[in-house]
Amino acid sequence: MQLTTLVLATLTSLASAQKTWVVAVAQNGSLTFSPNKLVAQPGEQVQFQFHAGNHTVTQSTFDQPCQPVSMHSNITGFHSGFLPAAASASTGMMPTFTITINDTKPLWLYCAQGKHCENGMVMVINEPTTNASRTLENYKALAAKGTTVVPGAEAGAGGTTGSTDGATTTGDASSATPSTAGAGMLAAPGTIALVAAAGAAFFL
Ligand SMILES: *[C@@H]1O[C@H](CO)[C@@H](O)[C@H](O)[C@H]1NC(C)=O
Ligand SMILES: *[C@@H]1O[C@H](CO)[C@@H](O)[C@H](O)[C@H]1NC(C)=O
Ligand SMILES: *[C@@H]1O[C@H](CO)[C@@H](O)[C@H](O)[C@H]1NC(C)=O
Ligand SMILES: *[C@@H]1O[C@H](CO)[C@@H](O)[C@H](O)[C@H]1NC(C)=O
Ligand SMILES: *[C@@H]1O[C@H](CO)[C@@H](O)[C@H](O)[C@H]1NC(C)=O
Ligand SMILES: [Cu+2]
């Protein structure tokens, strides 16, 4: 009886565990989010794993790809801050940033480092199906003509300033309330291998 109860409890907790998509940031030193197109359901999480360099994942609007979403809408949006990978890499760890998906509205994302956005370091979660011109390809084309703004550097907007202590950065999705568990934590390199082996995104 006790064993049965234990098994059931375990199955129940597995079934209710949150699904987490993994996005590799700058894997192999590339200026990419991989995958750069993801469909995620409300309640699921997306974990960005920062493999190399010193990058961010920052929300923008579709029309202004390299600028904080708060500059061009009434959405606060999220910003990981700069997450340099080297310091953690020496200890076999890697900084991560995790967001929770609340709805199926598109999330247009860019890297706020240097001209990475202009050079195509962008992605979309839940690419719209209702407007054929709002594609990742068109977002990337707009980005190529864009001008990167780091949240906090723009006039009068509510973003955080560029953080240099990436490995300790917290905050899941809102740059204004950086506190939710899971964000900014360090992922073991075993997870990296699993991501690469699976080819891209997968459910943990
Ligand atoms: C990085 O290299 C590995 C091994 O060649 C490959 O599987 C993976 O797709 C590469 N990642 C990116 C983002 O290019
Ligand atoms: C934010 O903007 C959207 C569309 O631009 C609008 O529908 C919504 O009412 C606005 N929300 C607030 C709180 O102003
Ligand atoms: C579709 O998106 C384009 C690009 O942002 C925009 O100019 C256009 O107004 C949108 N069309 C509709 C019907 O919302
Ligand atoms: C990461 O980039 C930011 C913005 O350019 C910079 O302020 C910071 O010093 C960089 N951190 C490291 C460790 O290179
Ligand atoms: C989801 O909702 C939570 C709670 O309101 C919020 O903190 C977070 O920023 C939202 N996620 C996204 C991706 O906007
Ligand atoms: Cu970058």
Side-chain angles (χ1 to χ4, degrees), residues 18 20-21 23-34 36 38-70 72-86 95 97-143 145-146 148-151 158-160 162-164 166 170-184:
Q18 264 176 321
T20 303
W21 293 97
V23 173
V25 181
Q27 195 175 29
N28 312 325
S30 61
L31 297 185
T32 60
F33 296 105
S34 179
N36 58 4
L38 196 59
V39 176
Q41 301 304 319
E44 294 178 351
Q45 293 190 312
V46 179
Q47 181 179 78
F48 298 88
Q49 300 185 342
F50 290 72
H51 287 251
N54 178 13
H55 305 272
T56 82
V57 55
T58 306
Q59 187 180 357
S60 78
T61 60
F62 171 85
D63 295 294
Q64 301 288 341
C66 305
Q67 307 190 352
V69 66
S70 58
H72 302 286
S73 76
N74 57 17
I75 298 167
T76 304
F78 58 83
H79 170 54
S80 64
F82 290 94
L83 295 178
F97 180 73
T98 304
I99 60 167
T100 300
I101 302 299
N102 297 323
D103 52 46
T104 54
K105 286 182 195 144
L107 294 170
W108 302 101
L109 309 177
Y110 72 103
C111 173
Q113 180 63 273
K115 292 202 176 298
H116 294 188
C117 179
E118 288 91 321
N119 291 328
M121 191 166 182
V122 297
M123 74 169 286
V124 64
I125 298 173
N126 295 330
E127 186 178 55
T129 50
T130 49
N131 186 333
S133 64
R134 298 201 167 215
T135 62
L136 176 62
E137 291 68 28
N138 288 346
Y139 178 64
K140 201 184 264 195
L142 282 174
K145 297 181 282 181
T148 292
V149 174
V150 178
T160 57
S163 165
T164 55
T170 56
D172 65 336
S174 167
S175 55
T177 54
S179 65
T180 305

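Every number for a ligand or one of its atoms is a count from 1 in the order of the listing.
The shortest contact between atom 3 (C) of ligand 3 and any protein heavy atom is with Ser133 OG, 3.3 Å. Of the protein's heavy atoms, Asn131 ND2, 3.8 Å lies nearest to atom 8 (C) of ligand 3.
Counting heavy atoms under 4.0 Å from ligand 3, residue Asn138 does not touch it at all. Of the heavy atoms in Thr76, none comes closer than 4.0 Å to ligand 5.
Between Tyr110 and Thr148, the shortest heavy-atom distance links the atoms CE1-CG2, 4.4 Å. Nearest heavy-atom pair, Val149 versus Ala112, reported as atom, atom and distance to 0.1 Å: O-CB, 4.3 Å. Residues Thr135 and Glu127 share a closest heavy-atom pair of CA-OE2, 3.3 Å.
Among pairs with a residue in residues 111-143, those fulfilling ring-ring contact (aromatic ring centres under 6.0 Å, His included) read His55-His116, Trp108-Tyr139, at least two apart in sequence or across chains.
Listed by chain and number, the protein atoms of type N/O/S under 2.8 Å from the Cu ion (ligand 6) are His55 ND1, Cys111 SG, His116 ND1, Met121 SD; waters are omitted.
In this structure the side chain of Pro65 reaches within 4.5 angstrom of the side chain of Leu142, judged on heavy atoms. A heavy-atom distance below 4.5 Å is not found between the side chains of Cys111 and Leu31. Residues Val23 and Met123 form a side-chain contact, since some pair of their non-hydrogen atoms from C-beta on lies under 4.5 Å apart.
Set against the non-hydrogen atoms of Phe62, the atoms of ligand 3 under 4.0 Å away are 4 (C), 5 (O). Against a heavy-atom cut-off of under 4.0 Å, Asn102 is close to the following atoms of ligand 5: 1 (C), 2 (O), 3 (C), 8 (C), 10 (C), 11 (N), 12 (C), 14 (O).
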